[in-house]
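A quick note: this is a predicted structure, and the numbers were derived from the prediction, not measured.
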Amino acid sequence: MKKLLTAGVVALAAFSLSACSSKNSDAAKKAYIDDMVALNSKDYNSQDLSVSVDQFKASGTSSADMNKYLNGSSFDFKVGLDSKNQAASLGGTAKIAGTSYKLDAIMGKSGIYVSSADVKSLFNSNKAAISSAAGGAENMQVYNAMIGGLTTPYFLIDSATMDSSLKSSNTTWSDTLSNMFKQQQTVSKDDLTKAFKDVPNADFTQSGDKVTLKLSGKNGDFSDVLKGAASVNKSISQSDIEKALKQAGTDTNIESLNLTVTIDSKAHTVSGVLDGKISDKKTKDTIDFKMTLSSKMEKLTTAITEPTGSQVKTLQDLENSAMDAFLGQSAS
């Protein structure tokens, strides 16, 4: 997660408007690079991350739903990566379309373990929608029986299920999990120095322990953004770039993009604001957005481990519980 910020900064640097040389002191730029390297150290394997979508306005097909769910949404999570146990944790709250959803999950080799309490809460929040849909009464009966069988702390979405859902992306759950830990690789100072070589010194300012970078770009090419990100994030492969370009198409144009990032290495914090406009050259559909991010890097205080078998129910377990419930009703 923490490399997303690095990728975004370098992506903007790829098409910075003013790539000319500057006579300003390079002290702030050097401090920014040093601080970024320090905060991306493997020592910091936990972070409190907050992202708010202050504005999201899209036009075109399905834009009404996108605007409804994304505009004003926010995500507040604590993320942890335990490379020794090859397990990750995610806990927090997402606010979407005015409704808050709690999510606590552990990701490991066997799949994703979701808190049973959160699964039940999500089900209860959507009862009305399920009931009003076609076959709602029958579906509610089945879901009620399945939820009734969820008596363990965790519900496991196993690796086979994840592999099936990832099939269209030509990847596996094992690869996805592995890539999470590749993100922990230390950012190279040399790579960052090269990436920021043409960014003017004037774009960097320093005040006490805080160093700020402000970048703006117009009419950027999507491929430059991806290549810029890959230049410092070794977990982004050439095939990843090709897939992203294929999905986005060649008609995606970044009309404008502005980023302000402030790093305080002493407090282990990063804050930033990203806004811009993306358009489709053919359809003329557009997306105007503004996002605010804040993050505090820390060290894990406890190990992250996958729950034991007695703490987990799978989809098959819930289906069997529902079947037993229906058979019991029939017998009586």
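At a threshold of 4.5 Å between non-hydrogen side-chain atoms, the residues L103 and T93 do not count as touching. Residues S110 and S159 form no side-chain contact, since every pair of their non-hydrogen atoms from C-beta on lies 4.5 Å or further apart. Put simply, the side chain of M146 reaches to within 4.5 Å of the side chain of V142, judged on heavy atoms. Between F289 and I278, some side-chain heavy-atom pair lies under the 4.5 Å cut-off. The shortest side-chain heavy-atom distance between K214 and N258 does not fall under the 4.5 Å cut-off. Side-chain contact between T262 and V270: absent, with no pair of heavy atoms (C-beta onward) separated by less than 4.5 Å. By the 4.5 Å heavy-atom criterion applied to side chains, L192 and Y32 are not counted as neighbours. Looking only at side-chain heavy atoms (C-beta outward), M162 and T176 stay at 4.5 Å or farther from each other.
For the salt bridge (charged side-chain N to carboxylate O under 4.0 Å, His left out) condition, the pairs that include at least one residue of residues 46-72, sequence neighbours left out, are D48-K78. Applying the ring-ring contact (aromatic ring centres under 6.0 Å, His included) rule to pairs touching residues 103-133 yields nothing, sequence neighbours excluded. Among pairs with a residue in residues 91-109, those fulfilling salt bridge (charged side-chain N to carboxylate O under 4.0 Å, His left out) read K102-D104, at least two apart in sequence or across chains.
I112 and I304 fall into different hydrophobic clusters, where Ile, Leu, Val, Met, Phe, Trp and Tyr residues are linked whenever their side-chain heavy atoms come under 4.5 Å apart, directly or through other members.
For Y154, the OH atom is loosely surrounded, since the number of other residues' heavy atoms within 6.0 Å does not exceed 12. Within a 6.0 Å sphere centred on CZ of F75, heavy atoms belonging to other residues, nucleotides or ligands number more than 12. Within a 6.0 Å radius of OH in Y101, more than 12 heavy atoms belonging to other residues, nucleotides or ligands are found. When the shell of 6.0 Å around NZ of K296 is examined, it contains more than 12 heavy atoms from other residues, nucleotides or ligands.
Here the straight-line distance linking atom OG of S115 with atom CD1 of I106 works out to 9.5 Å at 0.5 Å rounding. The distance from atom CG of D288 to atom CD of E255, rounded to the nearest 0.5 Å, is 8.0 Å. The distance from the CG atom of L259 to the CG atom of L293 is 9.5 Å, given to the nearest 0.5 Å.
Listed by chain and residue number, K189 satisfy the salt bridge (Lys or Arg N to Asp or Glu O under 4.0 Å) test with D34 (two or more places apart in sequence, or in another chain). Remark: D317 engages T314 in a side chain to side chain donor-acceptor pair (under 3.5 Å) (not counting sequence neighbours). In this view, K313 satisfies the salt bridge (Lys or Arg N to Asp or Glu O under 4.0 Å) rule with no residue, not counting sequence neighbours.
For the pair Y69 and A97, the tightest heavy-atom approach, listed with the atom from each and the gap, is CD2-CB, 3.9 Å. Across every non-hydrogen atom of T152 and S116, the tightest pair is O-OG, 2.6 Å. Closest approach of I287 to A58, counting heavy atoms only: CG1-CB, 3.9 Å. Of all non-hydrogen atoms in L90 and M107, the two that sit nearest each other are CB-CE, 3.9 Å.
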Apply side-chain hydrogen bond (donor to acceptor under 3.5 Å, both in side chains) to S50 and D76, showing your working.
CA-CA 4 Å; S50 294; D76 297 283; 2.6 Å; yes
Between Q316 and N320, does the side-chain hydrogen bond (donor to acceptor under 3.5 Å, both in side chains) criterion hold? Intermediate values first, please.
CA-CA 6 Å; Q316 184 65 57; N320 291 339; 3.1 Å; yes
Side chain to side chain contact (heavy atoms under 4.5 Å, CB included) between M36 and I263, intermediate numbers included
CA-CA 7 Å; M36 184 174 283; I263 299 178; 4.2 Å; yes
Derivation and outcome, side chain to side chain contact (heavy atoms under 4.5 Å, CB included), residues D82 and N45:
CA-CA 7 Å; D82 188 330; N45 51 5; over 6 Å; no
Hey, mind stepping through T260 and L213 against side chain to side chain contact (heavy atoms under 4.5 Å, CB included) and telling me if it holds?
CA-CA 6 Å; T260 299; L213 166 64; over 6 Å; no
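Checked by atom type and distance alone, the side chain of W173 pairs as donor or acceptor with a backbone atom of G108 at under 3.5 Å. One N or O on the side chain of N71 and one on the backbone of F56 form a donor-acceptor pair closer than 3.5 Å. Side-chain N or O atoms of Q141 include none that pairs as donor or acceptor with a backbone N or O of E138 at under 3.5 Å. S73 places a side-chain N or O within donor-acceptor distance of the main-chain N or O of L70, the cut-off being under 3.5 Å.
A donor-acceptor contact under 3.5 angstrom links the side chains of D175 and T172, judged on distance only. Defined by atom type and a distance below 3.5 Å, a donor-acceptor pair is missing between the side-chain atoms of S279 and T286. When only modelled atom types and interatomic distance are considered, N124 and S121 share no side-chain donor-acceptor pair under 3.5 Å.
Among the candidates K299, H268, E298, the single residue satisfying the side chain to side chain donor-acceptor pair (under 3.5 Å) test with Y44 is H268.
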